[in-house]
There are 2 protein chains.
Amino acid sequence: MSTVQTKTEVPDIGKSLSRCESCAVRHHSICGVLSEEELIHLNQIARPRKLKAGDVIVSDEEPIDYFANVVSGVVKLSKFLPDGRQQIVGLLFPPDFLGRAYKNYSSNFAEAATDVELCCFQHDRFEGMLKKFPNLKQKLFETTLNELDAAREWMVLLGRKTAEEKVADLLVMIAKRSALVGCTNLGGFVELPITRADMADYLGLTIETVSRQFTRLKTMKLINIIDKRHIEIPDLDALAQLAGHEL
Amino acid sequence: MSTVQTKTEVPDIGKSLSRCESCAVRHHSICGVLSEEELIHLNQIARPRKLKAGDVIVSDEEPIDYFANVVSGVVKLSKFLPDGRQQIVGLLFPPDFLGRAYKNYSSNFAEAATDVELCCFQHDRFEGMLKKFPNLKQKLFETTLNELDAAREWMVLLGRKTAEEKVADLLVMIAKRSALVGCTNLGGFVELPITRADMADYLGLTIETVSRQFTRLKTMKLINIIDKRHIEIPDLDALAQLAGHEL
DNA sequence: CGCTTCGTTGAAACACGTCAATAAGCGTGG
DNA sequence: CCACGCTTATTGACGTGTTTCAACGAAGCG
């Protein structure tokens, strides 16, 4: 990403894959289904973008400029009530996809939870790609179905789980997602990419309750708190069971 | 639906549209995007099915036999925690679509909330249709995206709304969906297709709390309770505003 | 006419929220 | 370097919205 920052409109075709070849999520993102040939086309409309924690990506109820792959960092999708109450409805880790096809405005507020690297595709051009490459569209469809499953799983958490179960579940989720990215090995140290406030907004709790559950899990020896942004999970299965997962 | 109950494998092509032509949801379900010609093919794999309230349609974590359009009645999709706690993650009204493509087992428990009429499509054959008819697939994709939006909207309700707002929101939702089906006109009498227990499981509350909020909304003159299954909403906008909708 | 299901209502318990104080970390500027 | 302000997180005391437990009534059904 860092080597190619130019904004020349038509990159040299011969070198046009260089950006993707070095991409951290080349084989795991939606790009994974594309042949080298197809990837050249997508690469031509791809633009890297770096964001700092807190930067707004797309605002609520506003026209969508672009779709994007999350290359590094974490993006939060949230919704608001008129009086300001907030609910995070999705956390995007690499190599997740950001965007809502077939709609010209966004239904969520998207914000960088950490420093973030995106690989952006201009809206209309990307939808053109969807028309041209059926397997890309198919992949996006299946991705959407998985997101729907995940959202419904989260509904169970929000509606029926206790604060303790909620926090445990979130930590398990973060541990597993981090392990996928490769930052961490399972069962070891886990970096918490989001603040307590974000956790609260994701779990439908307050900051204070989240904090209390942290110390509670600590006294139960289910986690060790290294510092504000790092914990250790000695037994992931035990934590998962507490979170209400089967087995 | 009631006229054709035969199970002959290959219906007379010349008459094969008779079932769809009289279908209540022909133009509003996913079938709406199909030409008459395409519809003939789909019709050949369609089988009507009637269910009584409480009947199980597909069990959790079990192979999926079929997809279906909801023709009449209401279907509930729910999930369970190991100890039996339940969360309803979706209510399907006509002309909603039931099923999860590209996965051979169901992630939800589907049950008839009322007496239900379905129009069923055998699993493999329907996925074959998706391959053959791109516009059907496109329609299903967009349907899925809308479901995802709706699920995330519901996450806000589950995580951040009060019991009062939750019940108000549910009633507004039911009123609007019922109006679409045509059973009711907006602002008038509304039939409640589900029990208090189902409402509780949909809202992440207990039966008692739901009941208390009903009487609360009644004293606030926002609803009139006709009987257990019927209410009147004198001012839908007022109720919607209480539920936390903008404007 | 019992039996069961469904809904309402009350009293008490409790999980979580609210309010408030404190501490740690961090960048900025004198 | 320390002082200062700001943000983030923890902890305690207290308040409250929702759950729990229990009793009761109404409707449907064999």
Side-chain angles (χ1 to χ4, degrees), chain A residues 52-54 76 81 83-87 111 113-115 157-171 191-219 223-231 242 244, chain B residues 52-55 76 81 83-87 111-115 157-171 191-219 223-231 242 244:
Chain A
K52 300 226 155 194
K76 59 183 185 189
L81 289 175
D83 64 0
R85 279 174 286 176
Q86 183 178 9
Q87 176 67 45
E111 190 183 346
T114 64
D115 288 354
L157 177 144
L158 290 171
R160 289 302 183 200
K161 289 191 178 175
T162 65
E164 183 179 281
E165 292 169 320
K166 284 179 176 180
V167 172
D169 207 339
L170 176 67
L171 296 181
E191 185 186 338
L192 305 174
I194 57 177
T195 65
R196 300 288 189 272
D198 286 337
M199 295 183 194
D201 285 335
Y202 199 23
L203 299 172
L205 297 171
T206 59
I207 305 177
E208 294 92 328
T209 304
V210 171
S211 181
R212 276 185 248 273
Q213 297 308 325
F214 263 81
T215 62
R216 203 140 174 259
L217 292 174
K218 185 180 71 182
T219 30
I223 62 171
N224 293 320
I225 300 177
I226 315 295
D227 61 43
K228 294 184 180 187
R229 290 294 191 136
H230 298 270
I231 64 167
L242 185 85
Chain B
K52 299 228 157 193
D55 286 355
K76 58 182 185 190
L81 289 175
D83 64 359
R85 278 174 288 175
Q86 184 179 9
Q87 176 67 45
E111 189 182 347
T114 65
D115 289 354
L157 177 144
L158 291 170
R160 290 303 184 199
K161 289 190 179 176
T162 65
E164 184 180 281
E165 291 169 321
K166 284 179 176 180
V167 172
D169 207 340
L170 177 66
L171 295 181
E191 186 186 338
L192 305 175
I194 56 176
T195 66
R196 299 288 189 272
D198 286 338
M199 295 182 195
D201 285 334
Y202 199 22
L203 299 172
L205 297 171
T206 59
I207 305 176
E208 294 93 327
T209 304
V210 171
S211 181
R212 278 185 246 273
Q213 297 308 326
F214 263 81
T215 62
R216 197 133 180 266
L217 292 174
K218 185 179 71 182
T219 30
I223 62 172
N224 293 321
I225 301 176
I226 314 296
D227 62 42
K228 293 184 181 187
R229 289 294 192 138
H230 299 269
I231 63 167
L242 185 84

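Order of the sequence lines fixes the chain letters, A, B, ..., with proteins taken first and strands second; residue numbering starts at 1 for each chain.
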Handout entry: chain A footprint on DNA chain D, 5' to 3' - any atom under 4.0 Å from a heavy atom
Key = D:dT8 to D:dA13
Handout entry: Partners meeting side-chain hydrogen bond (donor to acceptor under 3.5 Å, both in side chains) with B:Thr215 (sequence neighbours left out)
Key = none
Exercise for the section: Mind checking side-chain hydrogen bond (donor to acceptor under 3.5 Å, both in side chains) for B:Asn224 and listing every partner two or more places apart, or none if nothing turns up? Expected result: B:Glu232
Practice task
For A:Gly204, report the nucleic acid contact type (base, sugar-phosphate, nothing); a contact means any heavy atom under 4.0 Å.
Solution key: sugar-phosphate
Completion exercise
Sorted by chain and residue number, the side-chain hydrogen bond (donor to acceptor under 3.5 Å, both in side chains) partners of A:Ser211 (sequence neighbours excluded) come out as none
Handout entry: Rounded distance [0.5 Å steps], OG1 in B:Thr114 versus NZ in B:Lys76
Key = 10.0 Å
Exercise for the section: Give the minimum heavy-atom separation between B:Leu203 and B:Gln87, together with the two atoms involved. Expected result: N-NE2, 4.5 Å
Fill in the blank from the handout: B:Asp227 meets the salt bridge (charged side-chain N to carboxylate O under 4.0 Å, His left out) criterion, sequence neighbours left out, with none
Problem - A:Glu165 CD - C:dC16 C1' separation (whole Å) - result: 14 Å
Could you go over nucleotides 6-11 of chain C and give all protein N or O partners under 3.5 Å, atom names and distances?
| residue | atom | partner | partner atom | Å |
| --- | --- | --- | --- | --- |
| C:dC6 | O2 | B:Lys228 | NZ | 3.4 |
| C:dG7 | OP1 | B:Arg196 | N | 3.4 |
| C:dG7 | OP2 | B:Arg196 | N | 3.1 |
| C:dT8 | OP1 | B:Arg196 | NH2 | 3.2 |
| C:dT8 | OP2 | B:Arg196 | NE | 2.9 |
| C:dT8 | OP2 | B:Ser211 | OG | 2.8 |
| C:dT8 | O5' | B:Ser211 | OG | 3.0 |
| C:dG10 | N7 | B:Arg212 | NH1 | 3.0 |
| C:dG10 | O6 | B:Arg212 | NH2 | 3.3 |

Practice task
Decide yes or no for B:Leu192 and B:Met199: does some side-chain heavy atom of the first lie under 4.5 Å from some side-chain heavy atom of the second?
Solution key: yes
Practice task
Without swapping roles, check the side chain of B:Arg85 against the backbone of A:Gly159 for a donor-acceptor pair under 3.5 Å.
Solution key: no
